[in-house]
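Before any comments, here is the structure.
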Amino acid sequence: MDLLLQNLVSPIVLAFLLGALARWVKSDLEIPDAIYQGISIYLLFAIGLKGGIAMAETPLDALVLPVGATILLGVITPITAFFLLKSFARLDRINASAAAAHYGSVSAVTFVAAIDAAKSAGLPAEGFMPALVAVLEVPGIIVALLFARQSRGGGIKAALHELVVGKSIFLLLGGLAIGALCGPTKMESVTPFFIDPFKGVLCLFLLELGMVAAKRVRDVREAGWRLIVSGCLLPLFHGLLGTLVGHLVGLSPGGAAVLGAMVGSASYIAAPAAVRMALPKASPGIYLTLSLGITFPFNLGVGIPVFLAISKTLESVLP
Amino acid sequence: MDLLLQNLVSPIVLAFLLGALARWVKSDLEIPDAIYQGISIYLLFAIGLKGGIAMAETPLDALVLPVGATILLGVITPITAFFLLKSFARLDRINASAAAAHYGSVSAVTFVAAIDAAKSAGLPAEGFMPALVAVLEVPGIIVALLFARQSRGGGIKAALHELVVGKSIFLLLGGLAIGALCGPTKMESVTPFFIDPFKGVLCLFLLELGMVAAKRVRDVREAGWRLIVSGCLLPLFHGLLGTLVGHLVGLSPGGAAVLGAMVGSASYIAAPAAVRMALPKASPGIYLTLSLGITFPFNLGVGIPVFLAISKTLESVLP
Amino acid sequence: MDLLLQNLVSPIVLAFLLGALARWVKSDLEIPDAIYQGISIYLLFAIGLKGGIAMAETPLDALVLPVGATILLGVITPITAFFLLKSFARLDRINASAAAAHYGSVSAVTFVAAIDAAKSAGLPAEGFMPALVAVLEVPGIIVALLFARQSRGGGIKAALHELVVGKSIFLLLGGLAIGALCGPTKMESVTPFFIDPFKGVLCLFLLELGMVAAKRVRDVREAGWRLIVSGCLLPLFHGLLGTLVGHLVGLSPGGAAVLGAMVGSASYIAAPAAVRMALPKASPGIYLTLSLGITFPFNLGVGIPVFLAISKTLESVLP
Amino acid sequence: MKVTLCKLTVISESLLREEIAELILRLGATGYTMTRVEGRGSRGRRASDFEGRNVKFEVIVSEETADAILEEVAERYFEDFAVIAWLTSAEVLRGNKFVKSSSALPSGEATGKPGPESEV
Amino acid sequence: MKVTLCKLTVISESLLREEIAELILRLGATGYTMTRVEGRGSRGRRASDFEGRNVKFEVIVSEETADAILEEVAERYFEDFAVIAWLTSAEVLRGNKFVKSSSALPSGEATGKPGPESEV
Amino acid sequence: MKVTLCKLTVISESLLREEIAELILRLGATGYTMTRVEGRGSRGRRASDFEGRNVKFEVIVSEETADAILEEVAERYFEDFAVIAWLTSAEVLRGNKFVKSSSALPSGEATGKPGPESEV
Ligand SMILES: Nc1ncnc2c1ncn2[C@@H]1O[C@H](COP(=O)(O)O)[C@@H](O)[C@H]1O
Ligand SMILES: Nc1ncnc2c1ncn2[C@@H]1O[C@H](COP(=O)(O)O)[C@@H](O)[C@H]1O
Ligand SMILES: Nc1ncnc2c1ncn2[C@@H]1O[C@H](COP(=O)(O)O)[C@@H](O)[C@H]1O
Ligand code: NA
Ligand code: NA
Ligand code: NA
C-alpha cells in the first residue's frame, strides 16, 4: 500500500495526471507534433543506447535464458489475450485479435516507468533489459494477426516489415547496437544528452500521453464494464506470469518485476500502426482504448508497484 | 552603473540582442514554430517545478504575506497603468485598458532574468518566487478588463477561463504542484533536464524573443514619444513599488528586487491572448509594442539592475 | 589502421550509418523538419559559443597567423577544385564552379567530428578553431562563383549577402561574439545546455544526415567513377595541404589535423543555398552528391583519421 | 458517380481555432481539415505574433451549409479579427458522406448529373 | 497559354502516406504536393492518435488521370480508412509539364481554348 | 454579396520564399497565405534537401492581378527553379478587401453578378 502511494507520487505519474487534467479543464496546452515525435525518437534511441552499453558488459550466455523466456511470453500473451477478449469481453474475431496484438507487444514507457520504480524501491533491474523490450515487440503481434485469419494486401508479411523497420523497433535495435559496439568508455561523451536528462524528457512525454489518454476516457465509459475489466485483468495476469518467469530464469527481483511490467503492458505505438495496416476493419476505438485508456494507466498506477511487491515476496519464497 | 553594464553583458541579454540583429540584417535565421512552442512549454513547466521544490521546503505561513502583497500589487498596477496610458499617452478607453491588462500581469522571462541577475549580484531570491508569478498573472488582467466597460461574447468570464487554463498558467501551476508534492528528493532524477540546462534554453528563447521584438521597432517609432515614455515610466514606477513592498513584507533584498521586476514587467504571452479574445477592438499594435517592444527590453537592460541597486540601498535604510 | 577502425566505431559515425541504414531498409523513421532545424541552430550556436569562450582566453595576436592562413586556404581550395572538376571530372564551367564553391567552404559537422576525434586520439585542438570555421565559410564560395562568369539577378553580391547573414554563419559569429564578450565565468550557467549535451545532440543530427546522404547513393552510382574519385581526391589533397599549413603557422598537431579536416571538407548547408541562388542552372544533383554523398562520408570515415596520423608524423619530422 | 459540392476555405488567426471548428460542425459540416499556415494581410499582425501561425479550415459541404457557415463567420469575425473565407466548387464521389443524415442532397446533385453551370 | 486541368485533392490518415504517393505517381501524375494537416471526420479517430496528423495530397493532372487515381483511391481505401478526395479544375501555364510524355493532352486543352464547360 | 475572384496557387522551393512573397505583394495582392508543404516533381530534388520543404502561396486576387503574378513567376522562375503555379476561381464576400484601393473591381464582379462562364 505504501509502495503504491510512493509510486503514485512521482514526477512521471503526476505529469501523466497533469496531462489528463489539461484535457479535462480544456486547457489550450498542446505539445506540437514535431516535439512529440522528436521526444519519442529521443526516448527510444536512448533506451536502446543504455541497454547496449549494459550489454557490452554482459556475457552473452547470461542473455540466452531471459531472451528465450521473453520470446515464449511474447507468444503466450496474445493467445490468452485473444481468448479472454473474445469470450469474456465478447469482441468479435477481428477486434479480439487486433487487441491481442497490442497485449502481445510492449509499451516502452511502461517499461521505463518500471525500471525507474524498481530503482526507487531499491531493486535495480539488469542493465540489459532494453534488449528484452526489442525482443518482445514483434512475436506477439505476429501471433495475434494469425488469429484474425484475414488481413489486408501484403497482410502479415507487410505488417512484419512495418514492424521491424518501424521507427520504434529500428531505433531500439539501432541504439542497442551502437551502445554495444562502442561500450561504456566511448559512450561517455554522449551520456550527458542521452542518459542524464532522460527522466525529465520522459516527464514531458507523459504530459502528452496524459492528454492523449484523457481523450479516450469517453470511449472507456462507452466501452462497457467487460472491456474495462479485461483491460485490468490482462496486465495483472500477464504481469504476474512475467514476474514469475523472470524469477525462474534467474533475473534479479527488480529485473523480474520489470519483465512483469513489460509482459503485462500493451503497446500503443508499434502495434497500432501494424494492426491498422493489417486489419483495417478492426476498430481503433477498441484497441487504443484498451491499451492506452485502460491498461497503460492501470500499470502505471497499480501494476508496477504490485509486480514489485510480488517479486520481493517471490524472492523469499523461491529457492 | 557598473551593475548596469555587468547586467548587459550576459548571455541572456546578448542573445536577445543577437535575435534583434538577425532581423535588422535580414538574416534568414528562424526558430521553427514547434521549437519555439516546445521551449516555452519547457521554460514554464521548469519554472513551476523549481518553485514547487522550493515550496516543499517553505513553511506555508512564510508565504501568506508575500502572496497577499502580490495580489494587492496585481490590483494596483493595472489601475495606475490605465490612468497613465489614458491621460498621458492619450490612448482611448479600450486601448488603455487592453494595455493596462498587460502591465497588471507578468512576463515570465523578465522574472527569470531577474532571478538570474539577482544571483549573479550575490543577492539570491527566495525559492518560492515562481508561486508569486502564478499569483500575479491573473488579477491584473481581470481588473483591467473591467475598465474597458465592454467586451466580446463571453467577455471577462471567457477571458478568465482562457487565462486560468491557458497553457502558461496551467504549466506554471502544474509544475508548482508536482514539485511541491514530490519534494527535492524525488525530483532529483528530473533535475538534469529541468534545472541544469534551464538557462541555456532560455538563451535560445531570447534569441527568438529578440527577433519578435525587433519586428516591433518600426511600430515603436510610429508610436510617438508619449507611448515610449509610458513604456519606460510604468515599469520603473511599478518596479520600485514592487521592490519597496517586497522589503516591507520581509523578502530578502534579492527577492524584493525580483518582485519589483515581476510587478514592473508586462506580460506578452498570457495577456495578449486573453485581451484579444475579450477586447478584439483594441489594437495589438499598441499593446504588443508597449509590452514587448518597449517595456521588456527596458526591464532587461535597465529595470532589473536598477531594482537590484535600489533594493540593496533599501536594505541598509529600512529597519 | 587501428586509428581508422578506432574512428569508425564511434557513436557519431555509427549514428550516421544507422541513418543510412534506415533509408536502405525503408524504415519510416523520420526526424521532423522542425527538430532538424532546431538541432542545427543549436549546434551552430553552440560551436560558436564554445569557440568564443576559448577566444576570450586567447591573446589576439595568436590568432593572426591561423586566420590569415585559413583565408589563404579558402582562396586556394576552390581553384584546385574547379580545375580538377573541370578537367578530370569533365564537368562544364557552371557545374564545376558550383561544386568548387562547396569545396571552398567548410562542413561544420566534419569540423566537430574532427575536434572530437582529435581529442579521443589524445591530440586536443586549440579552443579557438570555431573562429577559423567562420573565417573559412565565405571566401571560397566567392572565389568559386567568380569562375562561373555568370550569375543570376543580384549575382555574387546577393549570394554574399545570403551567406553572411545566412543562418549558419550568423549563428556561428553570433555565438563567437557572445562567448568572447561574456568569457568563461559568465558562460558557466549555460554550459550544461550548450556544451555538455553537445555530442549527444550531434549524434541525432548525424542520424538525419545519414538518411539524407543515403538518398544520394543512387545519384552517386549514376555519377560515374570520375566524379567519385574527385570526391575522394579533393578532400585528401586539401586536407593534407591544410594539415601542413596548420603545422607551419604553429598550430598543435591536433589543431593542424582539424584545420586539415576543415579545409578538406565540403559545405552542404551554407554553400548549397548560396549557389542555388547565384547559379540556378547548376545541377544540385551534382554538387550535393559530391559534398554530401561522397566527400562527407569519406572525411568522416577515412579523411579525419588520416589527417590525424599525418599530423602526428609531421610533428616529429618538422623542426 | 461524382456530385458537385462546395469547398469552403476559412483562414483565421489561430486564437479562434476552437471557436471556428465548433461553428463549422454546429452548422452541419460532417468534418473539416485544418492546416497551420502563415499569412500576410491587411491587418498585418495578429494578437500574439508568437502563436505565430494562422489556421486554414477546408470544408466539403453542400452549398447551403457553406453559405450558412460563411455568413456566420463573416458576421462574427470579419470586422474585428484576421479572418477571410472563400468558396470554390468541388466534385466528390460518395456525396452523401458530406451531408448530415438529417438533411438531404438537392436532387440535381444526388443524381450526379448537375446542370452545365454547376459543373466544374 | 493557359490550359485547364484537374486538381485532385486526397486527404488521408498519415499511415497511408507512402502507399498513396506511390499510387499517384504510378497512375500517371508527374508530381504531387503534400501537406501535413489535421482533421475531424465521421470516423473521428485514426489508428494512432499519436501519428497525429493526416496528410493532404494535391495533384495537378489531366482529367483522365485524375479519374483513374480517384477511382483506385476510392476502391482501395474509402471503406476502411479515413480517406476522402475531391476534384476541382485548375488553369495552368505549361500544360505539358503535367502530362507524362507517353500520353498527350486532349486537343481542346492543348490549344488552350477549352470549351465553355471545362472552363472555370 | 458574393463576387468571383481568382485564387492563385504558387508552389516553390523554400529558398525563394521571400522573393515570391515580395513579388506577390508588389504586383498588387492585398495579402497571401503561405503553407509549408513537401513535394515531388519532375526535378526531383531541391537545392538543399535539408531546407526540406517547399512553400505554397495561396492568393485571392482579381483576375488581372493573378495573371500578372502568374506571368512574372513563370518568366523568372519556371525555367531554373522548382516552381509551379495554377489558378482557380473563388467566390468571396467583401470583394473589395482583395483589391488594392488604387485599382477597382471590374464592374461584372463588383455587382456580384458575374456572367455564367466566370461563375463556379
Ligand atoms: N489576398 C489574400 N489572399 C490570400 N490570403 C489572404 C489574403 N488576404 C489575407 N489573407 C489571409 O488572411 C489573414 C488575415 O488577413 P487580414 O484580415 O487581411 O489581416 C492573413 O494573415 C492571410 O493568411
Ligand atoms: N466534410 C469534410 N470536409 C473536409 N475534410 C473532411 C470532411 N470530412 C472528413 N474530412 C477529412 O477527412 C479525414 C477522414 O475523414 P473520415 O473518413 O470522415 O473520418 C478527416 O480527418 C478530415 O481531415
Ligand atoms: N503534378 C503536380 N501536382 C502537384 N504538385 C506538383 C506537381 N508537379 C510538381 N509539383 C510541385 O512542384 C514542386 C516542383 O516541381 P518540379 O519543378 O516539377 O520539380 C514539387 O516539389 C511539387 O511540390
Ligand atoms: Na505485453
Ligand atoms: Na506587471
Ligand atoms: Na573546404
Side-chain angles (χ1 to χ4, degrees), chain A residues 5-40 42-43 46 112-113 115-121 124 191-208 210-211 214, chain B residues 31-46 48-50 52-53 56 158 160-198 200-201 269-270 273-274 276-277:
Chain A
L5 221 145
Q6 181 70 8
N7 175 64
L8 282 176
V9 182
S10 79
I12 286 182
V13 174
L14 292 178
F16 180 80
L17 291 177
L18 188 66
L21 185 67
R23 270 296 149 275
W24 290 326
V25 301
K26 290 191 201 301
S27 165
D28 66 349
L29 177 62
E30 178 183 51
I31 313 254
D33 226 61
I35 299 294
Y36 167 79
Q37 279 171 41
I39 291 181
S40 81
Y42 169 88
L43 292 176
V112 174
I115 286 278
D116 194 59
K119 208 171 112 196
S120 301
T191 307
F193 179 63
F194 285 114
I195 311 294
D196 303 346
F198 183 87
K199 223 183 117 188
V201 178
L202 186 66
C203 269
L204 274 194
F205 193 78
L206 275 151
L207 200 64
E208 165 76 8
M211 290 190 264
Chain B
I31 311 255
D33 226 62
I35 299 294
Y36 167 78
Q37 278 170 41
I39 290 181
S40 81
I41 289 171
Y42 168 88
L43 291 177
L44 290 162
F45 197 40
L49 289 175
K50 207 173 162 188
I53 299 176
L160 191 61
H161 181 264
E162 187 78 15
L163 264 180
V164 175
V165 306
K167 66 170 165 248
S168 46
I169 295 182
F170 186 85
L171 283 167
L172 210 55
L173 287 179
L176 278 170
I178 293 182
L181 283 171
C182 290
T185 325
K186 281 186 169 181
M187 295 303 287
E188 226 161 66
S189 58
V190 303
T191 308
F193 180 62
F194 284 114
I195 311 293
D196 302 347
F198 182 87
V201 178
I269 301 186
R276 181 80 182 130
M277 293 307 276

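Side chains included, hydrogens not; waters and symmetry mates left out as well; all remaining heavy atoms used. Below, chains carry the letters A, B, ... as their sequence lines are ordered, and counting in each starts from 1. Note that the structure is a prediction, hence the values are computed from the model and not measured.
The closest side-chain heavy-atom distance from Phe198(A) to Tyr42(A) is below 4.5 Å. At least one side-chain heavy atom of Ile35(A) sits under 4.5 Å from a side-chain heavy atom of Ile39(A). In this structure, Pro11(A) and Phe194(B) have side chains that are not in contact, with every pair of non-hydrogen atoms separated by 4.5 Å or more. By the 4.5 Å heavy-atom criterion applied to side chains, Phe45(B) and Leu18(A) are counted as neighbours. A 4.5 Å side-chain heavy-atom check between Leu43(A) and Val112(A) finds every atom pair outside the cut-off.
Across Ser10(A), Gly38(A), Ser27(A), Ala22(A), the residue that shares the most heavy-atom pairs under 4.5 angstrom with chain B is Ser27(A). Between chain A and the residues Pro32(B), Gly183(B), Gly166(B), Gly179(B), the most heavy-atom pairs under 4.5 angstrom are made by Gly166(B). The choice from Ile31(A), Leu202(A), Leu207(A), Leu204(A) that makes the most heavy-atom pairs within less than 4.5 Å of chain B is Leu204(A). Your options are Leu21(A), Leu17(A), Ile12(A), and the one with the most heavy-atom pairs under 4.5 Å with chain B is Leu21(A).
In this structure, the portion of Ile41(B) lying under 4.5 Å from any heavy atom of chain A is its side chain and not its backbone. Looking at Ile169(B), there are no atoms closer than 4.5 Å to chain A (heavy atoms on both sides), in backbone or side chain.
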